[in-house]
Every structure is written in structure tokens, then in C-alpha cells.
**Q** 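Below you'll find the structure I mean.
Both backbone and side-chain heavy atoms feed into the values below; hydrogens, waters and symmetry mates do not. Bear in mind the structure is a predicted one, so any value in this text is a computation, not a measurement. A, B, ... follow the sequence lines: proteins, then strands. Residue 1 opens every chain.
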Amino acid sequence: MSMYLHNTLTGRKEEFTPAEPGRVRMYVCGPTTYNYIHLGNARPLVVFDTLRRYLEYRGYDVLYVQNFTDIDDKVINRAREEGLPALQVAERYIEEFFRDAGALNVKRASLYPRVSQHIEDIIAAITALERRGFAYPAGGDVYFAVEKFPAYGRLSKRDPAEMRAGARVEVNTAKRNPLDFALWKAAGPGEPAWDSPWGPGRPGWHIECSTMALKYLGPGFDIHGGGADLIFPHHENEIAQAEAGAGGPFARFWLHNGFITVNQEKMSKSRGNFFLVRDICSRFQPLAVRLFLLATHYRSPIDFDDAGLQAAEKGLERLENTRRLLGEACCRLAAADPHPRDGGGTALTGRVEELRREFVAAMDDDCNTARALAALYDLAREINTYLATTSCPEPGAVQAATRILEQLGGDVLGLFGRQEQGLDSALLAGLMDLIITIRQEARQRQDWATADTIRDRLRELGLTLEDTPRGTRWKKG
RNA sequence: GGCGCGGUGGCGAAGAGGCUAACGCCGCGGUCUGCAAAACCGCUACUCGCCGGUUCAAAUCCGGCCCGCGCCUCCA
């Protein structure tokens with residue numbers, strides 16, 4: 001069974017196999033660190049994190065690199081506003097990035113290279129391009145000469161000749177061609193600068209990604225990902241730089257996620273219609289935000305609205321309930337006598353494996369998380385039904401179901417948080433046991449008023465009680 | 001203008017030639033329950049933007065049209 005991914009380069013789904021057996025090398029464009037990340041930034045993080053997790057589930061060793069653009073015009077402007085050094089501002093937003101990404105259960109990348117720490121590599125790359133005749137200096141700047149690279153436009157399917165005709169009038173007359181782009185920018189007064197053969201300055205935006213990707217992943221690496229708005233010019237330029245410099249293919253598969261929209265319009269910092277991840281996470285469960293992002297195929301647009309997030313919270317709760325039910329079943333097993341089994345376990349195990357296959361088939365088909373999720377919900381229902389109709393569940397079936405649910409929902413989709421541990425939760429558990437025991441006594445003497453008051457008051461505190469034939473259980477939320 | 005994406009039930013969203021159009025949310029009815037919650041069962045699109053065509057068969061292919069959006073400039 002092979003995996004297929006939609007490659008922007010060819011516009012088709014293609015069978016994916018890594019260049020190096022057993023090992024996948026991938027690069028995802030990271031944020032420019034001048035602000036907290038918004039939901040639009042979060043989508044590629046979650047989408048490509050999920051792809052990475054799935055590749056790992058499939059047994060690949062994944063080398064996952066994501067950059068930080070910690071030096072560019074926006075960071076410099078932000079630093080100016082705040083009256084702080086640019087790198088200090090960047091450092092702070094990098095820390096905040098990890099906080100937000102962590103809330104969304106995004107695994108750490110293998111490496112997070114930063115532009116400011118790769119100036120030497122970037123200068124070397126530009127020098128090489130210059131030597132090969134692909135770059136030219138102009139008054140302290142250095143530009144890439146697009147017409148020297150015949151394949152320009154292949155990724156974004158644009159014809160450079162037509163673009164030239166439609167291009168805006170360039171203010172910058174230093175460029176030979178309006179499509180040429182800066183590899184190196186001369187420093188303005190008071191701007192952070194590094195010495196270079198062309199004078200003090202800083203790297204252009206595109207050269208950092210291709211340089212760092214090549215440095216850590218090598219030419220011909222497997223997957224390069226990012227938002228669809230990066231196709232042109234960013235990724236087109238990366239290809240031009242990398243392939244002109246190295247003379248060989250840069251990345252094999254180009255993957256692009258669709259946008260988040262608000263009222264059908266693209267969410268972006270420049271439009272000002274963006275929602276910060278931290279703000280959304282204060283209103284909804286962070287893992288529900290992750291689920292919301294995975295409920296739609298990664299290439300389709302998602303329109304952001306509260307109803308969708310609310311539905312995601314409910315869906316997540318449904319999955320969580322199944323996990324809880326399974327956990328209780330495990331406890332029952334531990335305490336159970338070797339009563340005769342009342343069957344159904346083998347059937348469940350078979351169904352579980354069937355649904356696991358459906359999940360895998362969905363993910364193999366261009367990382368179709370929406371379809372994979374459907375299999376996961378089906379899995380939850382099968383498990384619930386089994387546990388509800390079986391007084392004495394079979395250990396093998398419960399274990400198999402637990403393992404698959406945790407692998408697919410937890411390891412691959414990243415929807416399950418870690419169990420809380422520590423003194424506070426132990427104390428809470430003890431207190432709840434006590435309260436439930438006392439309430440149980442009230443219930444036994446049919447003192448419903450007391451029993452209901454306890455339940456209502458706990459509800460107000462954010463704790464839900466559920467009375468079942470096997471006793472009372474509780475949960476947060 | 002060029003390139004690209006999308007229009008499927010109340011909402012979200014899969015499906016891309018042929019099983020009763022997945023799955024989630026909401027709503028309604030039921031089972032269970034002291035009540036509730038959770039869970040489970042059932043109901044909710046004779047129909048997939050519109051009009052033609054191909055085919056034994058189309059939401060899925062072809063043509064035309066309408067509508068919404070994005071990229072072409074920094075943007076995930």
C-alpha cells in the first residue's frame with residue numbers, strides 16, 4: 001500500500017516514496033518572528049505536523065526542519081516600534097511561538113535554523129550564484145537574474161514573459177528586470193547589518209530558506225511545505241536560487257495548504273482580520289482548535305467561525321469519552337474474576353483492524369484527515385457499543401482497541417493530551433471520591449435534593465458527574 | 001487579463017463513473033436512568049450551483065453559464 005501526495009509542481013497526486021529508503025527529509029516554511037502567530041499561521045503547523053506524525057506512524061524516520069525568519073523588514077520595523085534590538089524582539093516571539101505551537105500539540109521539529117545564525121552560509125550561496133552568472137550586484141544590493149533561469153515559473157505555472165507585461169512599474173531601478181528579486185539587501189541607517197563582499201547588509205527573504213534547507217536536508221530532499229500564498233514568489237524563487245546554485249533538483253514534493261478565511265475573506269496580518277492562536281485557545285480548547293483544522297482537507301479553504309470550533313469541541317469530547325470508557329474497562333479487567341466471557345470481543349478486534357485500515361487508506365490518499373477522522377469516529381462508536389453491551393469485556397479486545405485509538409487519535413492526529421499528573425490531580429481525585437461517596441449515601445436514602453444539589457454545584461465548578469449502573473464517575477468540563 | 005481553488009442536508013465536511021450520498025455538530029423521537037449525563041438506536045439531501053451532452057449507469061466525465069474566493073506586491 002503506497003502513499004499519495006498532491007505535488008504542486010505537477011498539479012497531480014503522485015506516489016510518495018522517500019529518496020532515501022526509510023527516511024523522509026522535509027522542510028516547512030516557518031514564521032517571520034515579529035508577532036504572535038495567528039490561526040492562518042497555525043494551519044501549516046498543524047497540517048504538516050500531522051503529516052510528519054503519520055509518516056512516523058508508517059515507520060519512517062523523519063528529519064523535519066522549520067526555519068525562523070528572525071531578520072527582515074517586518075522584524076526591524078517591529079523592533080523600531082518597541083525600541084529594542086531586532087534579534088531581541090525576534091527571540092521573544094520565537095518563545096511565544098513555542099508556547100502557541102505547544103498548545104496545539106505540535107511536535108518539535110528536528111531543527112529550527114534561524115536566518116541570523118546562517119549569514120555565512122547565505123553569503124556563500126549568493127557568492128556562488130554570482131560566480132555562475134545568476135546574480136548581479138547593484139549599489140550594495142544583490143539581485144537574482146530571473147531570465148537566466150529558464151525554468152522560472154514552473155511551480156506557480158506562470159510565464160515570466162507575460163508577467164513582465166503585467167508587472168507594476170518598479171520604483172527600484174537597480175533591477176534589470178522587474179521580476180528579479182533581492183538576494184542581499186544593503187543596510188539602511190540604523191538597521192542591523194552583517195559584513196559581506198557587497199558591503200554591510202542582510203539577506204533577502206527567499207535565500208534563507210533555500211540555503212538552510214540545502215544545508216540541513218541536502219539537494220533533492222523529499223517534501224517542502226507551506227501556505228499556498230508562498231507558491232509565488234517565495235517558493236518559485238527558492239527553486240530558482242537552489243537549482244541555479246546547485247545545478248540539480250531542490251525538493252521533490254511541494255505541498256501547500258489552503259487558507260483560513262473570515263467571512264470568506266483571507267485571514268492575514270495585512271488585512272487585519274486575523275485571530276491570534278492564543279486568543280482562540282482562551283475561548284476554546286486548544287486541541288479542539290487542532291481538530292477544527294484537521295476536519296477539513298488541508299488543501300481546501302476553511303472559513304473560521306465559532307460554530308465550527310464549538311462543533312470541534314463536541315467532537316473531541318466524544319473521542320475523550322470513549323477513551324474514558326476504555327480506561328474504566330481496563331480497571332474492571334484488573335479487578336475481574338475469570339468469569340465466562342460473553343463474547344463479541346473477537347468481532348470488535350476485527351472491526352478495529354478494519355477501521356484502522358480505513359484510517360490508513362484515508363491518510364495515504366493525500367493526507368485526507370477529514371476522512372481519517374470519520375474512521376476514528378466510527379472506531380469510537382464501535383468501542384462504545386461494545387463496552388455498553390458487554391458486562392465483562394475481553395482483555396485482548398480492550399487492549400487492542402485502546403492501542404489503536406491512542407495511536408490514530410493520539411500519536412497521528414495529535415488530538416489527545418497527556419494525562420494530568422501530580423499532587424493537585426491526586427488531591428482532586430481523592431476529594432471527588434469522598435464527595436461521590438457521600439452523595440451516594442444520599443442517593444441510597446433517596447435524598448434526591450441533596451444528590452442533585454451536589455451535582456449541580458460541581459457542574460458550576462466545571463466538574464460533571466455521571467451516574468452509571470456501575471457507580472458514579474466524574475470528569476472535568 | 002493570466003494562473004488556480006471552490007459551490008454536496010439546518011451548519012461543517014468526505015465522496016470524483018455503478019453498494020441505502022461517509023463522518024461530526026445541531027434538532028426531533030426512542031432505549032437506559034430516581035432525574036440528569038454519557039452511551040446506543042432511529043429520523044432529518046428521491047438529491048449533489050444552473051443548463052445541455054457522453055454513457056446501460058454521472059454528485060462524479062465533457063461543453064456552456066451563474067456565483068464566491070485566492071495568487072499575480074509583503075502575507076501561512
**Q** Looking across every strand, which nucleic acid part, if any, lies under 4.0 Å from A:P31 by heavy atom: base, sugar-phosphate, or nothing?
**A**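 Nothing: the residue A:P31, judged by heavy atoms under 4.0 Å, touches no strand.
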
**Q** Kindly say if A:W205 contacts the phosphate of B:C75, meaning a side-chain N or O under 4.0 Å from OP1 or OP2.
**A**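 Yes, such a contact exists.
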
**Q** When we call it a touch if two heavy atoms are under 4.0 Å apart, what does A:F259 touch: a base, just sugar-phosphate, or nothing?
**A**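 Result for A:F259 = base.
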
**Q** May I ask you to say what A:D378 touches in the nucleic acid, namely base, sugar-phosphate or nothing, with a heavy-atom cut-off under 4.0 Å?
**A**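 Sugar-phosphate: the residue A:D378, judged by heavy atoms under 4.0 Å, touches backbone atoms but no base.
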
**Q** Indicate whether OP1 or OP2 belonging to B:C23 is found under 4.0 Å from a side-chain N or O atom of A:R381.
**A**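 Yes, within the criterion.
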
**Q** Record whether the side chain of A:R371 comes under 3.5 Å of the base of B:G15 through a donor-acceptor pair of N or O atoms.
**A**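 When only heavy-atom distances are counted, A:R371 does not reach the base of B:G15 through any donor-acceptor pair under 3.5 Å.
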
**Q** Please confirm whether any donor atom in the side chain of A:D229 sits under 3.5 Å from an acceptor in the base of B:C74, or the reverse.
**A**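 Absent.
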
**Q** Base, sugar-phosphate or nothing for A:I231? Non-hydrogen atoms, less than 4.0 Å.
**A**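 No contact.
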
**Q** Could you tell me whether A:D411 and A:R53 make a salt bridge, using a distance below 4.0 angstrom between a side-chain N and a carboxylate O?
**A**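 Here A:D411 does not pair with A:R53 in a salt bridge, since their nearest N and O are not under 4.0 Å apart.
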
**Q** Should A:R290 and A:D49 be marked as a salt bridge (charged side-chain N to carboxylate O under 4.0 Å, His left out) after you check the CA-CA gap, both sets of side-chain angles, and the distance that decides it?
**A** CA-CA 11 Å; A:R290 185 178 173 105; A:D49 174 63; 2.8 Å; yes

**Q** With the side chain of A:D467 defined as its heavy atoms from C-beta on, choose the nearest nucleotide among B:A36, B:A38, B:A13.
**A**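 Per side-chain heavy atoms of A:D467, the pick is B:A36.
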
**Q** Side chain of A:A374, heavy atoms from C-beta onward: which of B:C23, B:A14, B:U73 has the nearest atom to it?
**A**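 Nucleotide nearest to A:A374's side chain: B:C23.
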
**Q** In this structure, how many angstroms lie between the C1' atom of B:A38 and the CZ atom of A:R323, rounded?
**A**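 Interatomic distance, CZ of A:R323 to C1' of B:A38: 17 Å.
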
**Q** I need the CG-C1' distance between A:L155 and B:G4, as an integer number of Å.
**A**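 Going from A:L155 (CG) to B:G4 (C1'), I get 12 Å.
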
**Q** Calculate the interatomic distance between A:I383 atom CD1 and B:C40 atom C1'; express it in whole Å.
**A**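 Interatomic distance, CD1 of A:I383 to C1' of B:C40: 14 Å.
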
**Q** Does A:S268 reach a base, just sugar-phosphate, or nothing at all? Heavy atoms under 4.0 Å.
**A**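 Base, at least one base atom sits under 4.0 Å.
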
**Q** May I have the distance from A:K74 (atom NZ) to B:U73 (atom P), rounded to whole angstrom?
**A**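 Nearest whole value for this atom pair: 15 Å.
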
**Q** Have a look at A:R439 and say if it touches a base, only the backbone sugar-phosphate, or nothing, with a 4.0 Å heavy-atom cut-off.
**A**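 Here A:R439 touches the bases of the nucleic acid.
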
**Q** Say you pick atom P in B:G18 and the same atom in B:C3; how far apart are they, in whole Å?
**A**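 Pairwise P distance, B:G18 against B:C3, rounds to 31 Å.
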
**Q** Below 4.0 angstrom, N of the basic side chain to O of the carboxylate: do A:K185 and A:D141 qualify?
**A**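 No, A:K185 and A:D141 are not salt-bridged.
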
**Q** Looking only at the side chain of A:A388 (C-beta and beyond, no hydrogens), which of the listed nucleotides B:A39, B:C74, B:G34 gets closest?
**A**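 The answer is B:A39.
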
**Q** Measure from the side-chain heavy atoms of A:M267 and tell me the nearest of B:A76, B:G34, B:C40.
**A**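 From the listed options, B:A76 comes nearest.
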
**Q** Under 4.0 Å between any heavy atoms, over every strand shown, what does A:S156 touch: base, sugar-phosphate, or nothing? Just pick one.
**A**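 Sugar-phosphate contact only - A:S156 comes under 4.0 Å of backbone atoms but never of a base.
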
**Q** Hunt down the Watson-Crick or G-U wobble partner of B:C71, both distances under 3.5 Å, from any strand shown, or write none.
**A**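 Partner of B:C71: B:G2.
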
**Q** Report the distance from atom NE2 of A:H224 to atom P of B:A76, rounded to the nearest whole Å.
**A**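 Taking NE2 of A:H224 and P of B:A76, I get 13 Å after rounding.
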
**Q** Applying the Watson-Crick and G-U wobble criteria at under 3.5 Å, what pairs with B:C40? Answer none if nothing qualifies.
**A**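 Pairing partner: B:G30.
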
**Q** Give a yes/no verdict on base stacking between B:G24 and A:Y377: centres under 5.5 Å, planes within less than 30° of parallel.
**A**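 Check failed, A:Y377 does not stack on base of B:G24.
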
**Q** Students often get this wrong, so: under 4.0 angstrom with heavy atoms, is A:G226 touching a base, only sugar-phosphate, or nothing?
**A**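 Result for A:G226 = sugar-phosphate.
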
**Q** Rounded to whole angstrom units, what separation is found between the CG atom of A:L355 and the C1' atom of B:A22?
**A**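 To the nearest whole Å, that distance equals 12 Å.
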
**Q** Check the phosphate of B:A38 against A:N321, side-chain N and O only, distance under 4.0 Å to OP1 or OP2. Yes or no?
**A**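 Looking at the OP1 and OP2 atoms of B:A38, neither is under 4.0 Å from any side-chain N or O of A:N321.
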
**Q** Here's one to test your reading of the geometry: is the NZ or CZ of A:R43 within 45 degrees of the ring axis of A:F259 and under 6.0 Å from its centre?
**A**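 No.
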
**Q** With a 4.0 Å limit, can you tell me whether A:R324 has a side-chain N or O closer than that to the phosphate oxygens OP1/OP2 of B:A37?
**A**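 Answer no for this pair, as no side-chain N or O of A:R324 is under 4.0 Å from OP1 or OP2.
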
**Q** Taking the same atom, C1', in B:G17 and in B:A57, what whole-Å distance lies between them?
**A**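 To the nearest whole Å, 8 Å.
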
**Q** Within this structure, what is the CG-to-P distance between A:L45 and B:A76, rounded to whole angstrom?
**A**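 Between P of B:A76 and CG of A:L45: 11 Å.
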
**Q** Using purine N1 to pyrimidine N3 plus N6-O4 or O6-N4 for Watson-Crick, or N1-O2 and O6-N3 for G-U wobble, both under 3.5 Å, which nucleotide pairs with B:U54?
**A**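 Partner of B:U54: none.
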
**Q** So what does A:A307 hit on the nucleic acid, given a heavy-atom distance under 4.0 Å: a base, only sugar-phosphate, or nothing?
**A**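 No contact at all - A:A307 keeps every heavy atom at 4.0 Å or more from the nucleic acid.
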
**Q** Could you check whether A:H297 gets within reach of a base, just the sugar-phosphate, or nothing at all, counting any heavy atom under 4.0 Å?
**A**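 Sugar-phosphate contact only - A:H297 comes under 4.0 Å of backbone atoms but never of a base.
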
**Q** Determine which nucleotide pairs with B:C48, using a 3.5 Å limit on both distances of a Watson-Crick or G-U wobble pair.
**A**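 Pairing partner, where one exists within any strand: none, as none qualifies.
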
**Q** Give me the distance, rounded to whole Å, that separates B:C51 from B:C67 when you measure between the C1' atoms they each carry.
**A**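 Straight-line distance between the two C1' atoms is 15 Å.
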
**Q** Using atom C1' of each nucleotide, how far apart are B:C40 and B:U33 to the nearest Å?
**A**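 Their C1' atoms lie roughly 14 Å apart.
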
**Q** Quick check on RNA chain B: between A:A375 and A:E382, whose nearest nucleotide comes earlier from the 5' end?
**A**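 Comparing both residues, the 5'-ward one is A:A375.
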
**Q** Taking the P atom of each, how far is B:A16 from B:C62, in whole Å?
**A**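 Their P atoms lie roughly 15 Å apart.
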
**Q** Is the phosphate of B:G15, meaning OP1 or OP2, less than 4.0 Å from a side-chain N or O of A:N368?
**A**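 Yes, because at least one side-chain N or O of A:N368 sits under 4.0 Å from OP1 or OP2 of B:G15.
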
**Q** Using atom P in both nucleotides, what's the gap between B:G63 and B:G6 to the nearest angstrom?
**A**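 So the two P atoms sit 16 Å from each other.
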
**Q** Would you call A:K475-A:E317 a salt bridge at under 4.0 Å N-O?
**A**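 Looking at A:E317 together with A:K475, the answer is yes, because their closest N to O distance falls below 4.0 Å.
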
**Q** Could you tell me whether the phosphate oxygens of B:C35, OP1 or OP2, come under 4.0 Å of any side-chain nitrogen or oxygen in A:R455?
**A**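 For B:C35, OP1/OP2 do not have a side-chain N/O of A:R455 under 4.0 Å.
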
**Q** Using a heavy-atom cut-off of 4.0 Å across all strands, would you classify A:G258 as base, sugar-phosphate, or nothing?
**A**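 Touches a base.
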
**Q** Taking any heavy-atom pair under 4.0 Å as a contact, classify A:L376: base, sugar-phosphate, or nothing.
**A**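 No contact.
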
**Q** For B:A76, does OP1 or OP2 lie under 4.0 Å from any side-chain N or O of A:N41?
**A**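 For B:A76, OP1/OP2 do have a side-chain N/O of A:N41 under 4.0 Å.
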
**Q** Side chains of A:N67 and A:Y27 only: does a donor on one sit below 3.5 Å from an acceptor on the other?
**A**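 A donor-acceptor contact under 3.5 Å links the two side chains.
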
**Q** For salt bridge (charged side-chain N to carboxylate O under 4.0 Å, His left out), just list the numbers for A:D378 and A:R351, CA-CA rounded to whole Å, side-chain angles, deciding distance to a tenth of an Å, and then say yes or no.
**A** CA-CA 10 Å; A:D378 282 338; A:R351 249 325 252 164; 5.2 Å; no

**Q** Is there a side-chain contact between A:K266 and the phosphate of B:C71, meaning an N or O under 4.0 Å from OP1 or OP2?
**A**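 Affirmative; the distance criterion is met.
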
**Q** Quick one: is B:C35 close enough that its OP1 or OP2 comes under 4.0 Å of any side-chain N or O from A:R443?
**A**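 No, no such contact exists.
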
**Q** In Watson-Crick or G-U wobble terms, both distances under 3.5 Å, what is the partner of B:A59?
**A**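 Base-paired to nothing in any strand shown.
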
**Q** Quick one: is B:G2 close enough that its OP1 or OP2 comes under 4.0 Å of any side-chain N or O from A:K157?
**A**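 Checking B:G2 against A:K157, no side-chain N or O comes under 4.0 Å of OP1 or OP2.
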
**Q** Run the salt-bridge test on A:E91 and A:R114 with the 4.0 Å N-O cut-off and return the result as yes or no.
**A**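 Yes, A:E91 and A:R114 are salt-bridged.
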
**Q** In whole Å, what separates the P atom of B:A14 from that of B:G49?
**A**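 The answer is 14 Å between these two P atoms.
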
**Q** P atom, B:C26 versus B:U20: distance in rounded Å?
**A**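 B:C26 and B:U20 have their P atoms separated by 29 Å.
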
**Q** Just the rounded figure in Å: distance from C1' of B:A76 to CG of A:N273.
**A**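 My rounded result for the distance is 13 Å.
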
**Q** Are A:E441 and A:R445 ion-paired here, with the side-chain N under 4.0 Å from a carboxylate O?
**A**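 Salt bridge: no.
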
**Q** Using both distances under 3.5 Å as the test, list the Watson-Crick or G-U wobble partner of B:A13, or none.
**A**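 Answer to the pairing question: none, since B:A13 forms no Watson-Crick or G-U pair.
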
**Q** Does A:D452 get its side chain close enough to the base of B:G34, under 3.5 Å, for a donor-acceptor pair?
**A**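 Counting by modelled atom types and ignoring angles, a donor-acceptor contact under 3.5 Å is found here.
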
**Q** Can a cation-pi geometry be assigned to A:R278 and A:Y36, taking NZ or CZ under 6.0 Å from the six-membered ring centre and within 45° of the ring axis?
**A**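 Pair A:R278/A:Y36 counts as cation-pi.
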
